[in-house]
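Residue numbering restarts at 1 for every chain, and letters A, B, ... go by the order of the sequence lines. Just so you know, these numbers come straight off a predicted model, no measurement behind them.
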Protein chains: 2
Amino acid sequence: MKEVESILHDKNVRPTAMRLLVYQILSENKNAISLTDIENQLKTADRTTLYRTIKTFEEQGIVHPIEDGTGITKYALCAAYCNADKHKDLHLHFHCKVCEETTCLTEYSIPQISIPEGYITEDINFTVSGVCKKCNQG
Amino acid sequence: MKEVESILHDKNVRPTAMRLLVYQILSENKNAISLTDIENQLKTADRTTLYRTIKTFEEQGIVHPIEDGTGITKYALCAAYCNADKHKDLHLHFHCKVCEETTCLTEYSIPQISIPEGYITEDINFTVSGVCKKCNQG
DNA sequence: TTAGATAATGCAATGGAAGTGCATTATCCT
DNA sequence: AGGATAATGCACTTCCATTGCATTATCTAA
Ligand SMILES: [Mn+2]
Ligand SMILES: [Mn+2]
Ligand SMILES: [Zn+2]
Ligand SMILES: [Zn+2]
């Protein structure tokens, strides 16, 4: 059994051909990508299938969604220890307004914060936007 | 000159009837609201006008947009000291998955963070989602 | 190993929000 | 008051997200 196949298997996701391809694409892109990006890189696949594949991946802790402020949700692979119960990759995300790329800053953790008494935290989104290093050196 | 009128005036926005109404609605809602929310509370107005009104308000530091993870942008009035050059109300936002309400936690500032060398920060979005106090007491 | 149950896929269609072009109307300043 | 400029309303377009349903693939247990 190939590596990707066993990863999906471990996360309780049936390793279909389509899913292996989507996983492949996600792992080849160093930036976070949108559903449309995936669609463009996988001309054969139907958008609906991709949509539901990503949804499944998200639910099973394989990818995490990123709201980068563009209104288009991006996705990136999770750390190995994420699972269906909890996403544990709480890092910053950066969106460059010049090149439009959205990146996981996996080395930069979301800082601890307090929220008002009585509120329950389930998800945290910390996204910084501006100009990335590459675009800053023009 | 009424109070709202002078606020708009100070921010270099012509105080038209429509704009006064939009401002009114924003100030009456204690939560952040969407364009559609405004539309529903102002049946007479055309959506395009509201769209452009909000855009103008945003540019002139009257409202700030909030990406709460739903994909629908919400808006809330800024602090008095925001202006066209810079939004200075850097606080947390909370989105309740039960009642769907999005709130400004104006008392809770966005913590200082470091980002990688060479990156330039322009905007920061820090949104927590989960269950709000009200929904947590059911 | 095969049949039947269950899950995944593909197609077609819908919904909702964002955004644009242009003609008309209101506002403001001189 | 008059003319420049800005705001508004209407009609349309685009794009992404999402669903229903029929078909096909996958897995499991007999
Ligand atoms: Mn990430
Ligand atoms: Mn706010
Ligand atoms: Zn860039
Ligand atoms: Zn709530």
Distance-only check: which donor-acceptor pairs under 3.5 Å involve side-chain atoms of residues 104-121 of chain A, not counting sequence neighbours?
none

Between T16(A) and R14(B), the residue closer to the 5' end of DNA chain C by nearest nucleotide is T16(A)
Residue set satisfying side-chain contact (heavy atoms from CB on, under 4.5 Å) with N83(A), at least two apart, ordered chain then number -> D85(A), K86(A), K88(A)
side-chain contact (heavy atoms from CB on, under 4.5 Å) with D10(B): which residues, sequence neighbours excluded? none
Mind checking side-chain contact (heavy atoms from CB on, under 4.5 Å) for N31(B) and listing every partner two or more places apart, or none if nothing turns up? E101(B), T103(B)
Remaining members of hydrophobic cluster (4.5 Å side-chain criterion), Y81(B): none
May I ask you to list the residues of residues 33-49 of chain B, by number, that have any heavy atom positioned under 4.0 Å from an atom of DNA chain C? L35(B), T36(B), R47(B), T48(B)
Side-chain heavy atoms under 4.5 Å apart, restricted to Ile/Leu/Val/Met/Phe/Trp/Tyr: what other residues fall into the cluster of I72(B), or is it alone? none
With sequence neighbours excluded, residues passing side-chain hydrogen bond (donor to acceptor under 3.5 Å, both in side chains) with T102(B): D68(B), H95(B)
So do the side chains of N125(B) and E67(A) get within less than 4.5 Å of each other, counting heavy atoms only? no
How does the hydrophobic cluster around L77(A) look, that is, which other residues are in it when side-chain heavy atoms under 4.5 Å mark a link? V4(A), I7(A), L8(A), V13(A), M18(A), L20(A), L21(A), V22(A), Y23(A), I25(A), L26(A), I33(A), L35(A), I38(A), L42(A), L50(A), Y51(A), I54(A), F57(A), I62(A), V63(A), Y75(A)
First encountered from the 5' end of DNA chain C, between G71(B) and M18(A): M18(A)
5'-most to 3'-most nt of DNA chain D touching chain B (<4.0 Å, heavy-atom partner on protein side) reads dA6(D) to dA11(D)
Verify the distance criterion only: is there a donor paired with an acceptor across the side chains of Q41(A) and N29(A) at less than 3.5 Å? yes
Find the bend of the helix from dT1(C)-dA30(D) to dT30(C)-dA1(D) as the angle between its two terminal axes (five pairs each), to the nearest 10°. 30°
Heavy atoms under 4.0 Å, any strand shown: does R19(A) hit a base, just sugar-phosphate, or nothing? sugar-phosphate
Would you mind telling me which residue lines up with the more 5' stretch of DNA chain D, A17(A) or T73(A), judged by nearest nucleotide? T73(A)
Among all residues two or more places apart in sequence or in another chain, which pass the side-chain hydrogen bond (donor to acceptor under 3.5 Å, both in side chains) test with R47(B)? T36(B), E39(B)
Nearest-nucleotide pick for R52(A), side chain only, options being dG19(C), dA18(C), dG10(C): dG10(C)
Whole-Å distance separating the OH atom of Y51(B) from the C1' atom of dA17(C): 10 Å
